[in-house]
Amino acid sequence: MLKKGFLTTVAALSLVAAAAIPARAEVTFMYADWIESLVEPGIKAFEAETGETVKAIKLPGQGYDQRIALDLAAGTAADVNLMDSFMVSELASSGYLEPLNDLAAGWDQYQYYLPGLLEVASYQGKVYALPTDTDVRMLWYDKSNFEKAGIALPWEPKTWADILDAAQKLKDAGVQYPFQLPAGTKQAEAATMQGVYMALLGADVPEGDRNRLLNRETGQWIGDSPALRRTFDLYHQVYVDKQLNPADLNYATDIGAAVRAALANDQLGILASGSWEDACLWDCNNPPSREERDAQVGWTPWPGSGEPGAKTTTNISGGWTIGVNAKAADKDMAFKLVTAIFDEANFKAWTLANHRMAVRTDISESPEYTADPFLAKATALAAETTGRDTVPGYQTVSALVQQATADILDGASVDDVIQEYHDALVDEFGTDKVMTYE
């Protein structure tokens with residue numbers, strides 16, 4: 001009886017003690033699998049330094065954008081999250097992200113971030129996420145298939161007609177996917193950025209915002225323009241008129257894996273993509289040697305349309321970021337995890353190993369970075385790059401662009417696609433927020 005009472009008392013005291021000293025909740029972090037070689041060493045360093053535990057939620061890259069947006073909106077997101085930079089302004093404007101200015105003020109490595117790249121992850125003057133890298137876009141091509149098609153190397157197309165001509169030769173030589181131009185809603189932001197915007201920027205004369213989705217001076221979305229029509233016509237030629245590419249890669253369960261398999265099996269000719277493919281055409285976390293890569297693929301800038309006065313080459317840059325959930329239980333600890341991931345040694349090793357374009361001067365000005373031949377050439381393309389329309393509403397517009405390309409895959413005419421796109425913009429934003437360029 002005495003023993004039982006003693007145990008009951010001990011149990012009660014233990015409960016009191018537990019209530020008096022609240023347990024610290026573990027830090028949660030959600031990210032896509034392609035970036036594990038950056039974040040996982042950072043997580044280990046954080047746990048070793050703090051004694052805290054990180055609950056890591058690693059997801060497939062396919063559909064990741066939609067998942068993070070849904071989780072933040074539902075209030076079920078992790079404390080720390082990877083997100084595409086185009087999402088930051090909209091998520092911040094909705095109150096889902098914690099501003100980082102005050103948290104970052106005491107971190108000695110914050111000073112090295114390039115201001116222009118912090119602006120991409122900002123909203124109304126406050127920084128809401130830190131960039132993992134930036135990028136440029138280009139056309140990648142399989143050298144063995146170009147040789148089989150009799151196309152001279154290095155390939156340097158000057159106009160869209162040159163691309164279509166090469167794709168036709170690849171098709172005639174039996175290449176299964178002559179020109180993989182991202183299209184459709186499953187391609188998500190890849191359809192907008194790797195395909196539509198890269199063509200759009202060189203479709204018309206570079207006057208004002210004739211080659212964009214948004215008139216940045218008036219704040220109106222562009223519902224119809226010669227540039228939009230020419231861009232959608234390019235898609236129509238590739239997928240409908242000339243049938244220069246089957247559509248099925250755009251519907252694959254895992255599009256990245258399907259593209260890599262096509263490359264490995266010599267089924268791919270030209271791929272519209274970006275600088276990250278220097279690693280990710282194989283395995284983002286374990287690419288082959290430079291010699292093996294250069295033997296298999298080459299790349300070239302996207303040319304302009306060839307219309308009189310149009311730009312000769314185009315580029316647009318984006319990148320991914322890591323931010324803190326506004327509802328994180330311990331924001332200081334969450335940001336400490338962010339700094340562990342972005343600590344110079346870890347961040348620099350990942351940037352160099354994966355041939356990523358650096359976002360910090362302590363890395364971009366290092367001898368190892370400037371000596372990398374791919375990074376030197378790719379970084380040169382960034383000299384005249386631009387960025388997407390990172391304003392609230394862009395995600396909706398991008399989804400409408402993706403739907404327009406999906407309609408083309410289904411055989412819709414350019415006139416019908418433009419009309420549907422224009423009307424959808426009006427429905428979403430109102431007549432006064434939509435304009436037309438003649």
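Numbers for residues simply follow the sequence, beginning at 1. Just so you know, these numbers use all the heavy atoms, side chains as well, and skip hydrogens, waters and symmetry mates.
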Residue pairs meeting salt bridge (charged side-chain N to carboxylate O under 4.0 Å, His left out), one or both in residues 300-323, sequence neighbours left out, come to Arg230-Glu307
Looking just at side-chain N and O atoms, do [X] and [Y] make a donor-acceptor pair shorter than 3.5 Å?
X	Y	answer
Ser289	Glu292	yes
Tyr128	Thr321	no
Glu189	Tyr197	no

Step through the shown structure and confirm whether more than 12 heavy atoms of other residues, nucleotides or ligands are within 6.0 Å of [atom1] on [X].
X	atom1	result
Gln111	CD	yes
Lys336	NZ	no
Lys148	NZ	yes
Asp102	CG	no
Lys348	NZ	yes
Lys433	NZ	no
Tyr110	OH	yes
Glu344	CD	yes

Are any of the side-chain nitrogens in Asp233 or Arg229 under 4.0 Å away from the carboxylate oxygens of its partner?
no
Taking the basic N atoms (NZ, or NE/NH1/NH2) and the acidic carboxylate oxygens, is any pair closer than 4.0 Å for Lys377 and Asp372?
no
For Trp160 and Ala203, work out which heavy atoms get closest and say how close.
CH2-CB, 3.8 Å
Carefully, step by step, assess Trp320 and Trp34 under the rule ring pair (Phe, Tyr, Trp, His ring centres under 6.0 Å).
CA-CA 12 Å; Trp320 287 74; Trp34 57 264; 5.3 Å; yes
So, taking the atom named CZ in Arg212 and the one named CG in Leu228, what distance separates them when rounded to the nearest 0.5 Å?
12.0 Å
Checking ring pair (Phe, Tyr, Trp, His ring centres under 6.0 Å) for the pair Phe179/Tyr177: CA distance, chi angles, key distance, verdict?
CA-CA 6 Å; Phe179 181 23; Tyr177 300 104; over 10 Å; no
Parallel under 30°, tilted from 30 to 60°, perpendicular over 60°: which one fits the rings of [X] and [Y]?
X	Y	answer
Trp299	Phe374	perpendicular
Trp155	Tyr141	perpendicular
Tyr113	Phe342	perpendicular

Option from Glu40, Lys58, Glu36 for which side chain to side chain donor-acceptor pair (under 3.5 Å) with Tyr31 holds
Glu40
Set of residues satisfying salt bridge (charged side-chain N to carboxylate O under 4.0 Å, His left out) with respect to [X], sequence neighbours excluded:
X	value
Asp362	Arg360
Asp407	none
Asp294	Arg290

Is there a side-chain contact between Leu130 and Ile322 (heavy atoms, below 4.5 Å)?
no
If you look only at pairs with a residue in residues 191-290, which of them pass as a disulfide (SG to SG under 2.5 Å), with sequence neighbours excluded?
Cys280-Cys284
Pairs involving residues 209-276, ordered by first then second residue, that meet disulfide (SG to SG under 2.5 Å) (sequence neighbours left out)
none
Is there a donor-acceptor pair closer than 3.5 Å between any side-chain N or O of Tyr239 and the backbone N or O of Leu181?
yes
